[in-house]
Amino acid sequence: MRFSIRAILALTFLVALAMLAWRSRMELQKAEATREVLEAEIDTMEASLRTDEPELHRLILTAEDEAASFQKLRAKVEQAFPLLREKYSEITPPEEDNTFAMRGLPTLPLDEPRGHAPVEFRFLVPEGRPVWLKFGVHQADSSSSYMSNPDEKVVTLTESPFQDTGPFEMQLPPGDRILSIQVGFAENDELPLRVTYGDQVLLDTKAVTKDISSSSFSNISATKQFNVPPQQKLPWLMGAKVDLPPSGSGAAGSNPSSELGFTFWLSDEPSGFDAFPGK
Amino acid sequence: MAKKKKRSLLKILGWTLFAGLCVAIGGYVVHLSTLQRAQKEQNASLQARNDELKSVVDQIEQLDAEANRAKMLASRFLNLCRTVEDIPDFDTPYVLSRQQGYEHDAMYIPAGSHTLRIFTRWQPDPKNQEPNADPDSSDPKGELSWDVPLVPDSGYFFKVDVERRGGPVKWTLTSNNDQFETRSETLPLKNYSNSGASWSSSGEVNLPNQLKQFSRAGVTAALTTPPPVKLMDATLRGRLDEQWYEIKFLVELISEGGARVSVREAQRLQTLGKADLLLPYQGNGTYELKQIGPDL
């Protein structure tokens with residue numbers, strides 16, 4: 001059978017029409033699927049908001065009053081804290097010459113709601129005495145021997161998940177300044193660490209490794225001023241432990257230990273470390 | 001002649017079929033597009049509803065997060081208070097308390113009428129007996145309890161005083177409000193040497209008489225006896241003369257009025273069908289349960 005042009009055109013038209021019908025059906029199915037998803041989401045949310053019960057729904061909306069109470073509580077804390085901090089940060093210059101004085105300051109995690117409160121110390125560095133601030137990253141172990149003799153006991157690493165591993169040191173200039181150590185919240189495979197001394201940023205770094213989880217730390221308890229006369233050793237300040245995932249990271253060396261630590265301490269003489277990198 | 005007729009018949013049939021198919025499929029397409037348009041309209045209004053609900057859900061989640069932050073900051077702030085004068089006038093409906101070690105409990109008591117109940121119990125330490133201990137010995141054991149009415153809207157420090165090397169066991173309650181007279185009591189134990197202590201605190205930001213047990217029994221009990229807020233629960237261990245002893249301190253706040261619940265908890269009660277137990281809403285984001293006489 002020979003097909004005329006008219007027949008071929010007619011057939012083509014029919015096929016096109018059929019394809020249009022097919023596509024329309026697909027789109028309708030898609031719209032229906034969207035409807036089902038939306039309805040399911042709405043059902044879930046309405047269930048949690050209990051819109052089926054006007055009484056309950058009204059109750060839920062009074063949550064705003066509760067929120068206002070808590071906002072007020074927070075505002076009171078923010079208002080009262082500076083006064084408390086001022087009261088407990090007073091420091092008096094020691095009478096004896098070349099005596100170092102320090103005091104731990106009360107802190108709150110006002111800027112870092114999920115992170116730790118910063119660890120802060122106020123230092124009075126005397127004119128005639130060298131005071132070195134040191135920082136090192138090291139393999140953490142359970143002993144706290146570094147607290148008594150960090151210069152000897154802290155075995156610093158030069159490579160670690162920290163972007164700036166150090167070790168670092170700095171001679172503190174004479175005067176009255178605040179050292180602030182802020183360990184951030186571990187998330188997105190990062191743990192931030194920021195250190196300032198007075199107006200100067202000493203360290204603004206982070207440890208980057210998969211599944212890094214938060215750290216724990218301890219610091220010298222210096223709730224009252226204490227003085228360190230020239231013949232006495234300057235103290236350890238703070239130590240932290242960072243939990244790394246069990247698989248470990250190559251940067252921490254071939255050591256299977258999955259705990260990393262970092263320590264801040266003061267010393268009478270330099271160790272030949274690099275200077276703090278700053279920002 | 002017959003062949004020509006047959007061919008034209010076929011032709012007519014063919015074109016009729018063609019026309020028929022066109023109409024059928026065309027009609028189907030029109031039908032589908034009508035349905036689709038209707039569905040799209042419905043989806044649009046569903047999406048609007050979905051967005052509206054989502055913004056309320058997100059808002060509530062954010063309120064929860066902010067509430068938790070406020071509670072955390074209040075608790076940490078109380079931990080920094082070293083004297084009762086450091087506690088500011090929070091002007092909040094919540095009872096704030098923070099245990100600082102086993103000895104100190106810093107508290108803020110809100111408006112209303114509140115009584116502090118201090119309960120102590122002392123006995124030979126059951127876990128730490130001397131090998132030849134006589135279980136029927138007449139070693140002193142006993143309990144004592146005190147109810148101290150408090151001045152509202154004030155800060156308090158509850159302190160336990162013990163010695164490491166033998167001395168009395170004493171507690172002291174001070175306030176930053178002049179209207180409250182410092183109260184101090186000594187336990188009838190002489191020469192107690194403290195070695196250590198363990199303690200727990202039941203959450204540091206509470207409503208007065210906050211309801212915590214939502215079981216049927218818990219709710220029913222709360223209607224007759226509103227549950228006090230536990231502020232301190234510490235157990236001291238040490239030696240009384242030659243014997244190992246433990247001394248328990250339990251400090252609770254009993255407030256006037258019924259059990260209280262937060263908005264979230266009021267929702268729970270509503271869901272459990274117990275909304276009739278709630279008094280009308282008075283504001284502040286808290287609800288109070290009715291109080292039923294014990295004879296009911």
Side-chain angles (χ1 to χ4, degrees), chain A residues 7 10-11 13-14 17-18 20-21 23-25 27-28 31-32 34-35 38-39 41-42 44-46 48-51 53 55-56 58-81 83-85 87-88 106-110 113-114 117 223, chain B residues 14-15 18 21-22 25-26 28-29 32-33 35-36 39-40 42-43 46-47 49-50 53-54 56-57 59-60 62-74 76-77 80-82 86-94 96 205 262-264 266-267 270-271 275 281 283-287:
Chain A
L11 260 169
F13 180 72
L14 267 177
L17 207 57
L20 183 65
R23 222 191 86 176
S24 290
R25 219 179 90 113
E27 293 208 345
L28 182 65
E32 282 177 348
T34 308
R35 187 205 68 209
L38 282 173
E39 282 182 344
E41 279 180 13
I42 287 173
T44 311
M45 286 194 281
E46 286 191 340
S48 75
L49 291 175
R50 299 313 303 271
T51 49
E53 302 228 0
E55 274 302 308
L56 189 50
R58 193 182 46 83
L59 264 174
I60 290 167
L61 296 179
T62 55
E64 285 197 10
D65 287 347
E66 194 179 7
S69 278
F70 281 118
Q71 267 167 24
K72 191 167 156 199
L73 181 61
R74 187 198 164 117
K76 284 280 176 177
V77 170
E78 290 180 346
Q79 186 189 43
F81 174 67
L83 299 167
L84 183 118
R85 180 171 158 112
K87 179 176 175 186
Y88 294 119
T107 57
L108 280 181
L110 287 171
R114 287 171 312 160
T223 49
Chain B
W15 283 111
F18 171 72
L21 274 172
C22 277
I25 298 179
Y28 186 52
V29 170
L32 279 178
S33 77
L35 282 179
Q36 209 188 84
Q39 189 63 81
K40 287 225 160 106
Q42 188 190 17
N43 283 0
L46 281 176
Q47 183 70 63
R49 176 88 179 124
N50 192 311
L53 285 171
K54 201 151 192 301
V56 175
V57 169
Q59 211 177 25
I60 290 183
Q62 206 194 1
L63 294 180
D64 275 350
E66 284 178 6
N68 285 336
R69 236 187 327 260
K71 288 186 194 181
M72 180 272 287
L73 285 174
R76 291 216 199 191
F77 178 85
L80 298 176
C81 293
R82 297 185 204 178
D86 290 335
I87 303 174
D89 181 10
F90 281 103
D91 190 18
T92 180
Y94 297 95
L96 311 176
V205 177
S262 71
V263 170
R264 282 304 197 140
Q267 289 164 37
Q270 172 86 39
T271 314
Y281 180 58
N284 252 337
T286 65
Y287 284 84

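None of the values given here were measured: they were computed from a predicted structure. A note on names: the letters A, B, ... follow the listed sequences, proteins ahead of strands, and every chain is numbered from 1.
Heavy-atom distances place both the backbone and the side chain of Leu38(A) under 4.5 Å from chain B. Residue Ala68(A): no heavy atom, backbone or side chain, is found under 4.5 Å from chain B. Interface residue Asp91(B): backbone and side-chain heavy atoms are both found under 4.5 Å from chain A. For chain A, the nearby parts of Gln47(B) are the backbone and the side chain; heavy atoms of each come within less than 4.5 Å. Heavy atoms closer than 4.5 Å to chain B are found nowhere in Ala75(A), neither backbone nor side chain. For chain B, the nearby part of Gln71(A) is the side chain; its heavy atoms alone come within less than 4.5 Å. Looking at Thr92(B), only its side chain comes within 4.5 Å of chain A, counting heavy atoms on both sides. Only the side chain of Leu96(B) comes within contact range of chain A, judged by heavy atoms closer than 4.5 Å.
Around atom NZ of Lys54(B), no more than 12 heavy atoms belonging to other residues, nucleotides or ligands sit under 6.0 Å away.
Pairing each heavy atom of Leu73(A) with each of Ala74(B), the nearest pair is CD2-CB, 4.0 Å.
With respect to chain A, the highest number of heavy-atom pairs below 4.5 Å among Leu32(B), Leu21(B), Asn43(B) belongs to Asn43(B). Note: Leu108(A) leads Thr107(A), Leu20(A), Leu108(A), Thr34(A) in heavy-atom pairs under 4.5 Å with chain B. Note on Glu41(A), Arg85(A), Lys76(A), Glu39(A): by heavy-atom pairs under 4.5 Å with chain B, the leading option is Lys76(A). Counting heavy-atom pairs under 4.5 Å between each of Ala31(A), Ala117(A), Pro106(A) and chain B puts Ala31(A) at the top. Note: Asp86(B) leads Asp86(B), Ile87(B), Asp64(B), Thr286(B) in heavy-atom pairs under 4.5 Å with chain A.
Side-chain contact check for Ile25(B) versus Leu14(A): some heavy-atom pair is nearer than 4.5 Å. By the 4.5 Å heavy-atom criterion applied to side chains, Thr223(A) and Tyr88(A) are not counted as neighbours.
Using modelled atom types, one finds no donor on one side chain facing an acceptor on the other under 3.5 Å when comparing Gln36(B) with Gln39(B).
Using cut-offs of 30° and 60° on the angle between ring planes, the pair Phe90(B) and Phe77(B) is perpendicular.
Among residues two or more places apart in sequence or in another chain, the side-chain hydrogen bond (donor to acceptor under 3.5 Å, both in side chains) test is passed with Glu66(A) by none.
Between Arg74(A) and Glu66(B) there is no salt bridge, since none of the side-chain N atoms of the basic residue sits less than 4.0 Å from a carboxylate O of the acidic one.
The line from OG1 of Thr44(A) to CG of Leu53(B) is 10.5 Å long, rounded to the nearest 0.5 Å.
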